[in-house]
Amino acid sequence: MPATLEIGRVGAIVLRQMRRPIMTLLVVYAVAVCGMTVIPGKEIDGQTYYMSLFHAFYFITYTATTTGFGEIPHEFSDAQRFWAIACLYVSVIAWFYAIGAIIRLAQNPHFRLALAERNFANSVERITEPFFVLCGFGDTGSLLARGLSDARIPTVILEADEARIQALTLRDYNVPMPGLCADASIPMHLQEAGLERPNCKAVIAATNNEEVNLRISAIASLLNSNATIVTRSREDVFEETLATLSRNLHIVDPFQVFAKGLSAAIFNPALYMFNEWLVGAPGATSTRLSLWLHGTLEPRLRVPPKGKWIICGYGRMGHEAHEVLAKRGLKVAVIDPHPGRSQEDGLSQYVIGQTTARTLRDAGIEDAVGIVAGTDDDGHNLGILLNARALNPNLFVIVRQNRHANEVAFDKANADIIMQPSLVTARRILLTLIAPLLKPFFKFLLKLPEETKDEFMDDLLRRLIGTVGDKKPHLVTLHITGETSSAVVELLESGETVLLGDVLRNPVDREHYIDTVPLVVCSKSGRDCTDTAIQVLPGNDYAIKKGDQILLCGREKAHRLLDSTLNNEYTLHYLRTGKEKPRGYFMQWLVKHYPELAG
Amino acid sequence: MNLEKVMFGFFIVLALTLNFGFFLGEMENPEHHNVFELFAVVVVNFIATGLKLGDRSHIGAVLLATSLVADLELVAASVYWAVTVHVTGTGLTSQVMASIISLTGGALLANVISVVMLVSETLMSRR
């Protein structure tokens, strides 16, 4: 076990470092005590008094620590006094030496690291519920930790930067979040983080280094084949390497996520709004969403227009944005200081140079409808935004915010969409982990036929907003298993049918339903949850099966009510039949013989 | 209306009120406490306990527990009464009477808890 190993290591370091000081003290004490007993004292009643071992040890004890109670039990002879002087100096020096060694040890960085690792391993050991391992506590990591804390999932954090771990200790979380300053790509540290424990459900590789993320994913899939692995990485680079590692692996590429979002925003605005609302994006509250539904657009919720677009900066974000826009047949101009890229990717218009008023005009800003400021420098991006707005006030502006710390400036800049790679990644990872069924749901929405698409999305959004109201939407995945929904499983095993609609009735008044909408049902678990096994927007007549996973979106309070319904056989019976189930043996007997008394 | 709720409510409240009636009066004075009332309290309490057997909900388990506590203390009080009057022949001295009444006082408290829980459960379910 790694934990005991660490405890052993701390003990061993202390013993090894303190060996010499302790031996020195021991020798000094032994010589001093022996000397005290053999040196003749004053004559008492005609007999030379010799100190006993006990008295000698008592004397040395208070002398060596410079307490000095005087000459006990009798007045000393001069010979004893000479010896006492020697003892005093030598023993005090020996004590200083020992104390110095202890302080040196406490300041030794290796010892402190061992101590921190031991405390960390202990706190990981204390987590008994399912937990996640999060590698990397940067912008993405801290956003994720906040989200996981809200979802009440304990998370073990590994981060290589000492300062970030210091920041972690100051945060206030709802659940334990032990952190260790360590390189997460070293298997031993992942072991210490409890990766091999059966209640470790997922590993998140969210460091800023993609090589490290790849290594973490590989190690994690070897150490724990059951855990879900989520990696922040560029898909094109690592897809081939990672995809073969494990079927539980999810790759999150922030720029691709953004590009898909941009594409949805232009060509499928309802889907985009739905996603924004679901993740709780600041511009997409229920009120604004319903305004949008009724055709009254708010500036922050404008839909990106179709037409000519300008992309500033042809890095990762620029590439992805260009790809989705060009694929859909929009005209795109790119401005980038690096020459010689115009031939690749079939760029239609490539302006070389920094983004300035001149290059913007060259790219044709007057007749453009939108601009993407996607360089990796926040100052540049803000500059582009201001320049572009000055040249063409009607532009739809998408700006990339690289550092979380610059939030205030970007909020003031009044861009139409602010793309924060760290935020996008954190949201996507969070949804992948706490609502894995959302992915098949979105796939379904994307495959909707063109003619019914708008109507379907409108209905869905109206229904969701009507249910959730102005609260923040809460997503929950129900697992119909013996542990999480005991009453339902009991009924199913006795051969009864349990309808989804009955479970969703309100325990206070069964004619009404609790404030939640079932989005997806999947009858297979985890990796087997393919398209064939899912049912989107199941009706109230859906018969629940054992092992089902149900994704619900609604109010948090409704989900708490639902949880108690699923585990209370009496409530469930009432909701299904409208009658109280007889509780005591006597009543059960009575109802069996006189069924008319039930009710 | 739920017949089971009516029955259990009836018996638990009856047990509480009878218990209170027996408890009422000067503590050491046997004249103030009727042995038949004690008998009735014990019987009604046992019926209330019996009605709760088989309930698998949380609140049912706690109600059963408090009911069992009341039973235990009432049985202890009655046995003490019987032993002092019929076996040792001590009779109902003031010390004996004080012990019996304090035991039923404990049972009274357990019954109060039962009723409070019953009422709060009913209020909470709001059906």
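We name chains A, B, ... by the order of the sequence lines, and we start the count at 1 in each one.
A 4.5 Å side-chain heavy-atom check between A/Leu590 and B/Leu3 finds at least one atom pair inside the cut-off.
In A/Tyr173, the OH atom is crowded: over 12 heavy atoms of neighbouring residues, nucleotides or ligands sit closer than 6.0 Å. For A/Tyr513, the OH atom is densely surrounded, since the number of other residues' heavy atoms within 6.0 Å is greater than 12. Heavy-atom contacts from other residues, nucleotides or ligands closer than 6.0 Å to NE2 of A/His593 number more than 12. Within 6.0 Å of atom NE2 in B/His58, 12 or fewer heavy atoms from other residues, nucleotides or ligands are found, so the atom counts as exposed in its surroundings.
The pair B/Glu4-A/Lys579 does not meet the salt-bridge criterion, since no charged nitrogen lies less than 4.0 angstrom from a carboxylate oxygen.
Taking CG from B/Asp55 and CD from A/Gln588, the interatomic distance works out to 9.0 Å, rounded to the nearest 0.5 Å. Between atom NZ of residue B/Lys5 and atom CZ of residue A/Arg583 there is a gap of 5.0 Å, rounded to the nearest 0.5 Å.
With A/Tyr570 contributing its side chain and B/Arg56 its backbone, the two residues share a donor-acceptor pair below 3.5 Å.
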Going through the checks in order, is the side-chain contact (heavy atoms from CB on, under 4.5 Å) test met by A/Phe586 and B/Met7? CA-CA 11 Å; A/Phe586 174 72; B/Met7 286 201 300; 3.6 Å; yes
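Only the side chain of B/Ile59 comes within contact range of chain A, with at least one heavy atom under 4.5 Å from a heavy atom of that chain.
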